[in-house]
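Residues: numbered from 1 along the sequence shown. Predicted model only: the values in this text are computed from it and were never measured.
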Amino acid sequence: VRVTRNTNGEWELFADYTGGTDFQIQGTAIDATHASASFFGVYCRYTSTRNDAFYFDDILVDPLFQDTEAPQLLEAVALSATEVEVQFNEPLNASSAGNTSNYAINNGIGNPGSATPYSGNTATVLLNLSTALTSMQSYELTIDNINDLAGNSSGGQSLTFTFIEAEEAEADDIIISEIMADPSPPVGLPNAEFVELFNRSDKAIQLDGFGLASGGSPEDLPAYLMLPGTYLIVTDASIAPAFSDFGAVIAVNGFPALTNSGDGIRLTDDSGNLIHEIEYSDSWYQDEGKRQGGWTLELIQTDGPFNCGNNWIASENPQGGTPGAENSVNGQTPDNTLPELLRASTESDFEVSLFFSESMDAASSLDPANYSVDNGLNVENVFVQPPNNDQVLVTLDGPIQNGIIYTITVSSGVKDCLGNPVGISNSARFGLAEEMEIGDLIINEVLFNPASGGKDFIELYNRSGKILNIFGIEIENTLKDSGDTLQIVTADHLILPDDYVVLTEDPLDILDRYTVLNPGNLVENNIPTLDDKEGNVTLRLDQMTLDSFDYSEDLHFGLLDDKNGVSLERLDPAAPTQSAANWHTAAGTVGFATPTYKNSQFFVNNTITDEVISFPSQTFSPDGDGFEDVFLINYQVDKPGYVLNLRIFDARGRLVNHLINNELLAASGTFKWDGTTNENSKARLGIYVLWIELFLTDGTVERTTATCVVAGRLE
C-alpha cells in the first residue's frame, strides 16, 4: 500500500495486490487538516480470534521525490483565431501561469489578454488573444518565469505553431485529379478502385460530412482537414491500409463502384452542395493498351477544364498511377489536335445530330451563327449533349425534304473544350433515310481473324443512290450452329450514297490498329462471333436478305505468312458477293485493312466482250500493294452445260498451276489467279501461257491459249 499527500492537500491511495511495485490507484481525497506529522503508525481493529491473521512489513514514511526540474513547454495549439491552448509537462503554480506578461506571440500578436490554467489540470493554460491569428500562418510562442508547484521556474522557452482555420469549400476548390476505375490486372498499385482529391484552393477544408457518389446516394467521408495544395486518396475501408505507403488516405465504408468504360463522380459538401463533378470515359486514356486495366486516368492541367477528355490521359508512372502525389503528367501540354466534325445524323424532319471527334466547348458550340446549311435551311437552335459534350443537336428553321442530300458546315468559331477551333474536317452530309431494297447495301470487307487482343469488324457499302439507315439490320453467321450467331444493329446511323460504315464491338481498337480515314463511320455495335477459319455474314432487314457472304481463310493470298489481323476485301461492288474471285487479301501497303474507306483491292470488272473467256488486264503484280494484285479471268457462256479446265504454264512449257479443274460454269462469272504455283510458292516474273479447255456434255470441245504477265519490281 502506498499513500501520498502533496502540498495542496491532495491524498492518493495506491495498492499492489501482487506484492510487487506495480501500484494502482485506489482512490483520492482532499484534506488539508494535517500539514505535518511527528509520528506515524498503523491502527488495527480486530477480534481475538484474528490476532494472528495479518502482519506489516517494510513501512516507509518519506517524501517520494524532491522536484528540482523546471516545467517544460510541450505544445501550443490554436483552438480558434483568438484562443491558444498551451500544454506543459507538469502542474503549474496558478499565479505565475496566469500572469499574461509571461507569454508572448510574435507576428504582431504580443501578450495575451488573459491566461487561465484549467481547473483540475493546471499543466494546461488557455490563452485568450487580443489580436486574432491569421489562418495558415506560423507563429512563435515564448514563455518565461512560469513556476511549477515546487517553485521551479521555466526560464525562457519557445516553440512554433500554425493556426489553421477551416473554411467553406466552393465549387472546384477540391477537384478529382486521378481516377482508378479499372485496377485489374494490376501494374504496381493495389488491386482496388480509388479517386484522388486535390485541394487547389488556398483554404483548409474540413471534409467531415462531404459525400462521394457515382450514380447512387453519396457515401460520407470521415473527418479530415485537407490543407491547400495537398492530395488525398479516397478508397474503400477494406483496402485503405494498402495505400498507406503512397500518401494520405481516408477510408469510405462502401466506396462507390466505378464503371470501367465511363461513369460520373460527384463530390458534395456537408450541405449537399456540388463541389466537383466528373463524367469520365475510357477514351480519355488515349492509349488502347492502358485502357485494358491497371492504369489510372490523370488530370493534366489542374486549373481545368475538368470535364474535357483532352485534359486527361493515362498515367505515365511505371506503377500505373500516382495516388496521393502529383500526377506524372501534371503541367504537360494537353492535346492540341483540332477537333473534327465526324458525321451528321438526321433525328427528325427538323433536327440533326452532329458528332465531333472530342469534347466541345459549350459556349462556342451553342451559337447558331457558327453553323450553316445549304439548300435553303438555317440553324435556329443548338444543344450540346452531355455528358461527353462531343455531340451537338441542331434544330432547323424548315423541314428536311425527301431525296435531298444536305451539307452542314461548322465555322472555326466552334472550339473544343481546350479552345482549339474546328479544323478543315468541318462539314458533313445528311438527309432523310429512304426505304432499303436488296442490293442497296452490301458486305464490302470482313476482318474475321483479328490480331491477338483485337476485335473483328464488318464493313458495309452503300452502292445505291439513296440515304440509308442501318438501324434494325440483323447480322447473322448462318454457318455457326451455337453461341453468338445473331446480332441486331442498334445504332441510328445514316450511310450516304457511295459511303461506308464499319460495325465493331470496339471502335477504339480499330482506330489503334489501322488507318481509319473516316472515324465517324466507325459504329460500336455487337456483331456475331466470326470463326477464324470460315463462316458467314448475312444481312437481313424485315425478313429480307440484303446480302450474304461465305468467308474462308482460303480466299486469302496463298503465300500470306500470317493471316492474323488481315481483312478480306471485296474487289468489285457490282460483282456477285459469293464469287470467290471477287475477294482478296487487303494490301500490306495500307496495313492489311481499309476500314471506313475504299478497298485497297477495289477493281471494277467491266470488261465487255463476245468471247467466252476474257481478261480485264493481262498484266498483274501479286506483291500486296493493292494495285493489280490478282489476275482476273471472266467468262460468259451462251447456254448451260459448259465445263472449264484451265492450266497455267511458264514460258518454257512447264506446268505452274492447274487453276481450274472440270468446273461447271454458270451463265457468267470470274476466276482469279493470285500468282501462286501448285507447290504454294510465288511464280517468278515473266510471261505465262494459259491453256483453256471448254467442253459440253454432248462431247463438243474447244481449246485455246492466251498469255498473261506476272510483273513486279526487280531487286
Side-chain angles (χ1 to χ4, degrees), residues 174-198 207 212-216 219 221-222 224 226 230-267 276 278-300 302 306 309-332 335 450-455 505-513:
I174 296 179
I175 63 172
I176 296 166
S177 56
E178 189 169 5
I179 303 169
M180 175 62 91
D182 186 6
S184 180
V187 176
L189 300 178
N191 190 359
E193 297 178 356
F194 69 85
V195 297
E196 176 190 80
L197 304 181
F198 174 61
L207 299 183
L212 189 70
S214 174
E219 299 292 341
L221 303 187
Y224 182 87
M226 195 171 185
T230 61
Y231 298 86
L232 178 65
I233 306 165
V234 184
T235 189
D236 193 79
S238 63
I239 197 67
F243 285 95
S244 59
D245 292 337
F246 294 94
V249 58
I250 59 174
V252 175
N253 293 319
F255 181 81
L258 304 177
T259 305
N260 294 351
S261 60
D263 213 336
I265 310 175
R266 292 170 56 90
L267 180 68
H276 188 65
I278 284 290
E279 293 277 355
Y280 70 89
S281 166
D282 60 1
S283 64
W284 290 10
Y285 286 96
Q286 303 182 47
D287 186 296
E288 178 60 27
K290 293 180 179 180
R291 190 170 69 99
Q292 303 307 313
W295 297 84
T296 66
L297 280 171
E298 291 187 345
L299 185 66
I300 300 173
T302 56
F306 306 112
N310 284 349
N311 198 25
W312 290 80
I313 197 170
S315 175
E316 295 179 357
N317 189 285
Q319 292 190 106
T322 55
E326 182 179 273
N327 290 346
S328 62
V329 299
N330 183 62
Q332 292 184 8
D335 181 16
S452 177
K455 297 296 183 180
E505 295 177 358
D506 193 346
L508 291 177
D509 177 73
I510 307 303
L511 280 167
D512 189 58
R513 296 177 187 273

- Message: Are the side chains of Ile278 and Trp284 in contact, using a 4.5 Å heavy-atom criterion?
- Response: yes
- Any side-chain heavy-atom pair of Leu207 and Ile174 under 4.5 Å: yes
Taking all heavy atoms of [X] and all of [Y], pick out the closest pair and write down the distance.
| X | Y | value |
| --- | --- | --- |
| Pro183 | Pro190 | CB-O, 4.4 Å |
| Leu197 | Ser177 | C-OG, 4.1 Å |
| Gln319 | Phe246 | OE1-CE2, 3.8 Å |
| Gly294 | Met180 | O-CE, 3.7 Å |
| Ala240 | Thr235 | CA-CG2, 3.7 Å |
| Ile176 | His276 | N-CD2, 3.1 Å |

- Query: Looking at Asn327, Ile179, Ile313, which one forms a side chain to side chain contact (heavy atoms under 4.5 Å, CB included) with Leu299?
  - Reply: Asn327
Taking atom [atom1] of [X] and atom [atom2] of [Y], what is their separation to the nearest 0.5 Å?
| X | Y | atom1 | atom2 | value |
| --- | --- | --- | --- | --- |
| Glu316 | Asn330 | CD | CG | 11.5 Å |
| Leu212 | Ile250 | CG | CD1 | 8.5 Å |
| Asp236 | Glu193 | CG | CD | 9.5 Å |
| Glu178 | Glu326 | CD | CD | 11.5 Å |
| Glu505 | Ile510 | CD | CD1 | 10.0 Å |
| Ile239 | Asn191 | CD1 | CG | 7.5 Å |

- Message: Could you walk me through whether Thr296 and Leu189 satisfy the side-chain contact (heavy atoms from CB on, under 4.5 Å) test, starting with their C-alpha distance in whole Å, then the side-chain angles of each, then the deciding distance to 0.1 Å, before giving a yes or no?
- Response: CA-CA 10 Å; Thr296 66; Leu189 300 178; 4.1 Å; yes
- Message: Apply side chain to side chain donor-acceptor pair (under 3.5 Å) to residues Asn317 and Ser315 and explain how you reach the verdict.
- Response: CA-CA 6 Å; Asn317 189 285; Ser315 175; 5.6 Å; no
- How far apart are the C-alpha atoms of Leu258 and Val195, what are their side-chain angles, what is the distance that settles it, and do they pass the side-chain contact (heavy atoms from CB on, under 4.5 Å) test? CA-CA 10 Å; Leu258 304 177; Val195 297; 4.1 Å; yes
- Task: Let me see the working for Phe194 and Phe243 under side-chain contact (heavy atoms from CB on, under 4.5 Å), right down to the final yes or no.
- Result: CA-CA 10 Å; Phe194 69 85; Phe243 285 95; 3.6 Å; yes
- Output yes when Arg291 and Asp506 qualify as a salt bridge under the 4.0 Å nitrogen-oxygen rule, no when they do not. yes
- Message: Can you confirm whether the side chains of Ser283 and Ser281 place a donor and an acceptor under 3.5 Å from each other?
- Response: yes
- Side-chain (Glu196) to main-chain (Gly324) donor-acceptor, under 3.5 angstrom: yes
